[in-house]
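Note that ligands are numbered from 1 as they come in the structure, with each ligand's atoms numbered from 1 the same way. Bear in mind the structure is a predicted one, so any value in this text is a computation, not a measurement.
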Amino acid sequence: MNTEANIRHSWAEPYKIKMVELLTMTTIEERERAIREAGYNTFLIRSRDVYIDLLTDSGTGAMSDRQWAGLMMGDEAYSGSENFYHLYDVVREYYGYKYFVPTHQGRGAEHLVSSIMIKPGDCVPGNMYFTTTRLHQELAGGTFVDVIIDEAHDPASSHPFKGNVDIRKLDRLVQEIGAERVPYISLEGNVNMAGGQPFSMANLRELRSYCQERNIPIMLDATRTIENAWFIREREEGYSGKTVREILREICDLTDGCTMSAKKDALVNIGGFFACNDEQLFLKAQNLVVVYEGLHTYGGMAGRDMEAMAQGIREAVMEEHQAARIGQVRYLGEQLQAAGIPIVRPIGSHAIFLDAREFLPHVDQDDYPAQALAAELYLEAGIRTMERGNVSAGRDPETGENRRPALELVRLTLPRRVYTQAHMDVVAESVKAVYDRRHEIRGLKMVYEPEYLRFFQARFEPL
Ligand SMILES: Cc1ncc(COP(=O)(O)O)c(C=O)c1O
């Protein structure tokens, strides 16, 4: 642990730049054309038309020289690659689970867990939904039930652990349907849809003892759990003297298994895994992975990708990395707060979330205010962000109506180790410029709606 990094005030990066990628600057006319051609959906803009890309922190981080060197060590044997064994050792060391199955990315692992553990008619409680996670649960015949604390649905609440599970809500569900119809609880670290909000260790301990008494496994979505560990250290009593690495391990030891999108915390462009402690569950996952992903010693990844991931995990638990990562997000968030722009509080680890309801109170939720705001930010300065509101939430399978979630957000997601402080200043200035002309912004009409995960490919027209 680098104690100097812990006591310093600046969040300066613990690396220097060795190679750069040139960006395109566009004119307003070019951006108008690009967003129109993209059907006002930022997912459909070509990346060459984007100046600062805050669409996602998924697979967009910059790898270190050591990770690039690792690519050269790729052992591309179909079976038994050395890189698989190296990655397995690293996952065991840092996450601690006994068994491990690589997958091509997070949703590959979600598919395995959902199809093995969920029976039709089951309910899967979770601390707020994630899009792909919930869809896999539904495709397996389950129903997702939100058991996160109420504060998570209130963008203005500054509760330090908005990712906590409300054990009373969970108990109500268990009492109603019986523990045998709850195959597991889906627990996400640094809850993405709530604004990157952590759970506390105290809450996890309480959850653990509740679940143990009823034989309900806890499946962790470990995608951003290292960042969750940072917040536990920063905010929870008794943890200020522990390392991120120790806290990560403590979290994992209180759970039964995890799915992982390595494209976030683990600093790689592609990859994921499923890990668990139960041998029978592992054997089923190991068998199923060969059907959907690839052999159990590569799971859809190249050997070189597994090597880069092993090194990425080592770098992700470094205190100085997390100090800079979370420091940069906070730097941007504090500028927006100072300008009076409504954002989700407290500032999370991976993104700033604009509260589109407050930003555009004159736009009805069925006219997709967050989608419209994301399009405006692109028009303003070529900054690409993502809607996390009514479009992402999709339709209720029972009623067919839009779900109209409590949170109607635009996510400005920071790729890891990619942009500079000056880029953050440009983003803050651009959001302020859009805020100043917010009264002119109108909503959107959806003109094409795909069946699954509609936010990726839906098309819109201005009202
Ligand atoms: C919390 C969470 N879980 C799961 C996933 C799915 O992972 P992937 O995109 O690697 O399939 C994501 C991706 O954004 C995520 O943020």
Side-chain angles (χ1 to χ4, degrees), residues 42-43 53-61 95 101-115 124 126-139 144 146 148 152 162-163 165 184-199 218-229 231 251 255 257-275 289 292-294 299-301 305-306 308-309 312-313 316 325 329 348-351 353 384-388 392-393 407 409 411-416 452-453 455-457:
T42 51
F43 276 100
D53 204 346
L54 307 186
L55 184 72
T56 175
D57 62 334
S58 181
T60 52
Y95 291 84
V101 178
T103 59
H104 77 285
Q105 59 184 85
R107 68 199 71 182
E110 290 167 354
H111 177 216
L112 298 180
V113 173
S114 305
S115 41
V124 187
N127 55 345
M128 203 174 270
Y129 81 101
F130 184 71
T131 53
T132 56
T133 322
R134 182 177 65 191
L135 180 59
H136 278 296
Q137 292 162 354
E138 288 173 351
L139 290 173
F144 171 81
D146 187 7
I148 203 166
K162 283 167 111 175
V165 171
Y184 61 92
I185 170 154
S186 187
L187 180 75
E188 185 188 329
N190 257 18
V191 182
N192 190 352
M193 303 299 281
Q197 305 293 332
F199 57 71
I218 302 174
M219 285 296 152
L220 176 69
D221 181 336
T223 299
R224 295 185 187 82
T225 298
I226 303 179
E227 292 177 1
N228 196 123
F231 284 130
I251 292 172
T255 66
C258 80
T259 55
M260 172 73 175
S261 169
K263 301 166 74 175
K264 287 81 165 175
D265 266 358
L267 296 163
V268 284
N269 304 122
I270 195 70
F273 59 83
F274 165 65
V289 80
Y292 291 104
E293 305 278 319
M301 273 185 284
D305 296 330
M306 292 190 280
M309 195 201 295
I313 291 170
R325 162 73 177 149
V329 175
S349 68
H350 69 303
F353 289 73
R384 171 152 70 169
T385 59
M386 182 198 290
E387 190 264 9
R388 278 302 184 213
S392 293
L407 296 178
L409 309 175
R411 193 180 76 178
L412 282 64
T413 339
L414 269 58
R416 294 167 183 79
Y452 300 119
L453 303 174
F455 58 94
F456 282 131
Q457 292 153 342

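By the salt bridge (charged side-chain N to carboxylate O under 4.0 Å, His left out) test, Asp53 pairs with Arg384, sequence neighbours left out. Take Glu110 and apply the salt bridge (charged side-chain N to carboxylate O under 4.0 Å, His left out) test, not counting sequence neighbours, and it matches no residue. Partners of Leu407 under the side-chain contact (heavy atoms from CB on, under 4.5 Å) rule, at least two apart in sequence or in another chain, are Met128, Pro155, Leu409.
For the pair Arg107 and Phe130, the cation-pi criterion (under 6.0 Å, within 45° of the ring axis) is not fulfilled.
Within 4.0 Å of ligand 1, contacts by protein heavy atoms are made from Gln105, Gly106, Arg107, Glu110, Phe130, Thr132, Glu188, Asn192, Asp221, Thr223, Arg224, Ser261, Lys263, Lys264.
Between the side chains of Asn192 and Arg411, at least one donor-acceptor pair of N or O atoms lies under 3.5 Å.
The shortest distance between side-chain heavy atoms of Tyr184 and Thr255 does not fall below 4.5 Å.
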